[in-house]
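Labels below follow one simple rule: chain letters A, B, ... track the order of the sequence lines, proteins then strands, and each chain is numbered from 1. What's counted below: heavy atoms across the whole structure, side chains too, no hydrogens, waters or symmetry copies.
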2 protein chains.
Amino acid sequence: MKVTIKDIAEKANVSVATVSRVVNNKSKGVGEETRKRILELIKEYDFQPSAVARGLVTKKSKIIGLIIPDLTNPFYPKMTKGIEDVAHEHGYNIILCDGNNSKEKEAAYLDFLNEHYVCGIIYNNFHNISDTILNKILKSSLPLVFIDSKPEIKGCKCVYLDNQRAMYEVIEHLLLNGHRKIGFITGPMDSYSTNERYKGYINALNDYDIPFDSNLVVKGDYVMKDGYYAMERLYNQTKNFTAIACCNDLMAIGAIEKLEEMGIKVPEDISVVGFDDIDIARLVRPKLTTVAQPIHEMGRVAANMIIDIIEGKGSKVKDDVIFEPNLVVRDSVKKNN
Amino acid sequence: MKVTIKDIAEKANVSVATVSRVVNNKSKGVGEETRKRILELIKEYDFQPSAVARGLVTKKSKIIGLIIPDLTNPFYPKMTKGIEDVAHEHGYNIILCDGNNSKEKEAAYLDFLNEHYVCGIIYNNFHNISDTILNKILKSSLPLVFIDSKPEIKGCKCVYLDNQRAMYEVIEHLLLNGHRKIGFITGPMDSYSTNERYKGYINALNDYDIPFDSNLVVKGDYVMKDGYYAMERLYNQTKNFTAIACCNDLMAIGAIEKLEEMGIKVPEDISVVGFDDIDIARLVRPKLTTVAQPIHEMGRVAANMIIDIIEGKGSKVKDDVIFEPNLVVRDSVKKNN
DNA sequence: TTGAAAGCGCTACCAA
DNA sequence: TTGGTAGCGCTTTCAA
């Protein structure tokens, strides 16, 4: 049987109110003598206050909900670590929800978190915010910070990378290395970051007077296998390219796998660039040229934001925190000039 | 303002008890007419019952706590996915706690979970169970399943790999390929799996009449960086080896990185074997020979076990479920004979 | 079929 | 400095 505050109160011959006071470290209102006695009892009986009962009264908790698209993409664990680090520094815990790349599951998790008195949500939505989800968000008065995306909700707090510029730099890098026909493997087209990256691709092409060719663009899904199949589809559509930019590293690696299987050498025959700079990027051969996101730091910032909002310091929190990309040049791009 | 069961009851002109009945799908005790009306109101006002209040009464929840050592080791996300899959099929949610390779944090999480009425815990302890933690476990009456370890607690439920045999097969493979001086990079020596793997190493050596040389054994910590430094230390101790077995893939990859940096070729000069068969293993060059754990399946089994226990079918749950390893031969071992 | 009411473990307010 | 107590939102038992 679990020991409750009432048990401790009885043993100590005081009221539950008094025990509550020492449990919550209210400095005043408890005599030194009494406090000591209660503290001892708490230790002796290993009393742990029920967070549930407490939550029912206070409507608060020290739990932050975190929704991410896919745990098995190393990008997200890294982000999660950043969030967890500062959360812990401030005494908060994280409940991690893996949306499994599914809109429905994300929505279900949103409900779940709302039912459980988390004190805030950090939301890394994979797809654009659907009406269902938007509705849930607007209805809920929970503090909310978006990470790795910028939904079109006025006044919402977001931390994200300048994705457009990032992809622009990738394409520019390819261009400057003499590539003219550049394939592009996207993410899901209804995702914010994919769209931004796509714009970066288009803009760079425009700025360098390269005609856009829709045959060079093929849709992917951010997982490795999909990079493999996207590569296959691209190759069936056209063989007229010397480089491919991918919307993430996982797909780039999948694409390279396919290319190798077809006897095509990277980067000698085809150059490939990734996105994210996950650990694997520097471990595969050729080492993957990619663009790094300061993802751990982004996690830290998001966590600080949500905690500020939770603790009533929301006014000093900026709406948008935008991070700059960092092109990491390795060995998967050939100099063509 | 959040709408409560009381609000719905008022709008529907019934008692909260009746609303509660329809919310909980109690088939009998509510008139068809009433039920319909309430259901509509619930939809209209988007009523979500408070899991917290409910938990306070029932002392149950649909949340399973999961403690893992380190999210950034791809092994654990994979396991987590397996667990989550089954959990979701049964209407349970996972609250994921990343112990960050720290005993203290694990202990803190154990407390955290106990305070929050999770209905069960799946625990992947990194280090051996300390007395503090053992105490917490014994005191708590929560259903508990250990995964990826077998603590010495009588009657505890565990699912794990036959680690000893797995490493035996690794060493045997090396031996059969003509290696006689085999280095060994361990995990933390107070971890169950490390110890078992170490025994496997020793046993194989014995069975093949290879003298044990303590200079060939060096301690690691299961992270990539540590493989790198372990390799360095090993090399400083002795240069008299042709192969190295590592207690996980991450360290194997770190070790290879160090070897390459020193101008030593894998596998031509030194052979390296990993453990776990995470995705990266087949992506690095040379492709890593390693031993696969059916980790997703292990997660599924653990989840099924805990749910069975939670739902009172604990008697049909076996104490131990042991999985067999699967040696995956790739390109990181040289034939020396 | 329905309602009234107790009570889950705690916090917070008011009174002593 | 302390205690009494209402009430958080729900489930559950008993009675109607």
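Proximity note for V57(B) (side chain, C-beta onward) versus dC8(C), dT2(C), dG3(D): the nearest is dC8(C). Side chain of V14(A), nearest nucleotide from dG3(D), dG3(C), dG9(D): dG3(D). Across dC10(D), dT11(D), dC10(C), the shortest atom-to-atom separation from the side chain of A53(A) is found for dC10(C). Minimum atom distance to the side chain of R54(B) is reached by dT11(D), of the listed dG9(D), dT11(D), dG4(D). Among the nucleotides dC8(D), dA12(C), dT11(D), the one closest to the side chain of V16(B) is dT11(D). You'll find that the side chain of T18(B) is closest to dG3(C), out of dG3(C), dA12(C), dG9(C). Side chain of S50(A), nearest nucleotide from dT11(C), dG3(D), dC10(C): dC10(C). Closest to the F47(B) side chain, of the nucleotides dG3(D), dC10(C), dC10(D), is dC10(D).
Y192(A) and N125(A) share no side-chain donor-acceptor pair at under 3.5 Å. Inspection of the D98(B) and Y76(B) side chains reveals no N or O donor paired with an N or O acceptor under 3.5 Å. For N100(B) and S102(B), the side-chain atoms include no donor-acceptor pair closer than 3.5 Å.
The NZ atom of K60(B) sits 11 Å away from the C1' atom of dT11(D) (whole-angstrom rounding). Counting to the nearest Å, the P atom of dT1(D) and the CZ atom of R21(A) are 10 Å from each other. The CG atom of N24(B) sits 16 Å away from the P atom of dT2(C) (whole-angstrom rounding). In this structure, L56(B) places its CG atom 11 Å from P of dT11(D), rounding to the nearest Å. Taking atom OH of Y117(B) as the reference point, atom C1' of dC8(C) lies 7 Å away to the nearest angstrom. Across the protein-nucleic acid pair, K6(A) atom NZ and dT11(C) atom C1' stand 16 Å apart, rounded to whole Å. Summarising the geometry, the separation between NZ on K2(A) and P on dG7(C) is reported as 22 Å, rounded to the nearest angstrom. One can place CD of E10(A) at 12 Å from P of dC10(C), the figure rounded to the nearest angstrom.
Applying the 4.0 Å criterion to OP1 and OP2 of dT12(D), one finds that T58(B) has every side-chain N and O outside that range. The side chain of S20(A) places no N or O atom within less than 4.0 Å of a non-bridging phosphate oxygen (OP1 or OP2) of dC10(C). Contact annotation: K26(B) side-chain N/O to dT12(D) OP1/OP2 distance is under 4.0 Å.
Here N13(A) lies in heavy-atom contact (under 4.0 Å) with sugar-phosphate atoms only.
Taking the ring centre of Y92(A) as origin, the terminal cationic atom of K62(A) falls inside the region bounded by 6.0 Å and 45° from the ring axis.
No donor-acceptor pair under 3.5 Å is formed between the side chain of K60(B) and the backbone N or O of G55(B).
Comparing K59(B) and S15(B), the nucleotide of DNA chain C nearest to each residue sits closer to the 5' end for S15(B). Between I5(A) and E32(B), it is E32(B) whose nearest contact on DNA chain C lies nearer the 5' terminus.
More than 12 heavy-atom neighbours from other residues, nucleotides or ligands sit within 6.0 angstrom of NZ on K59(A).
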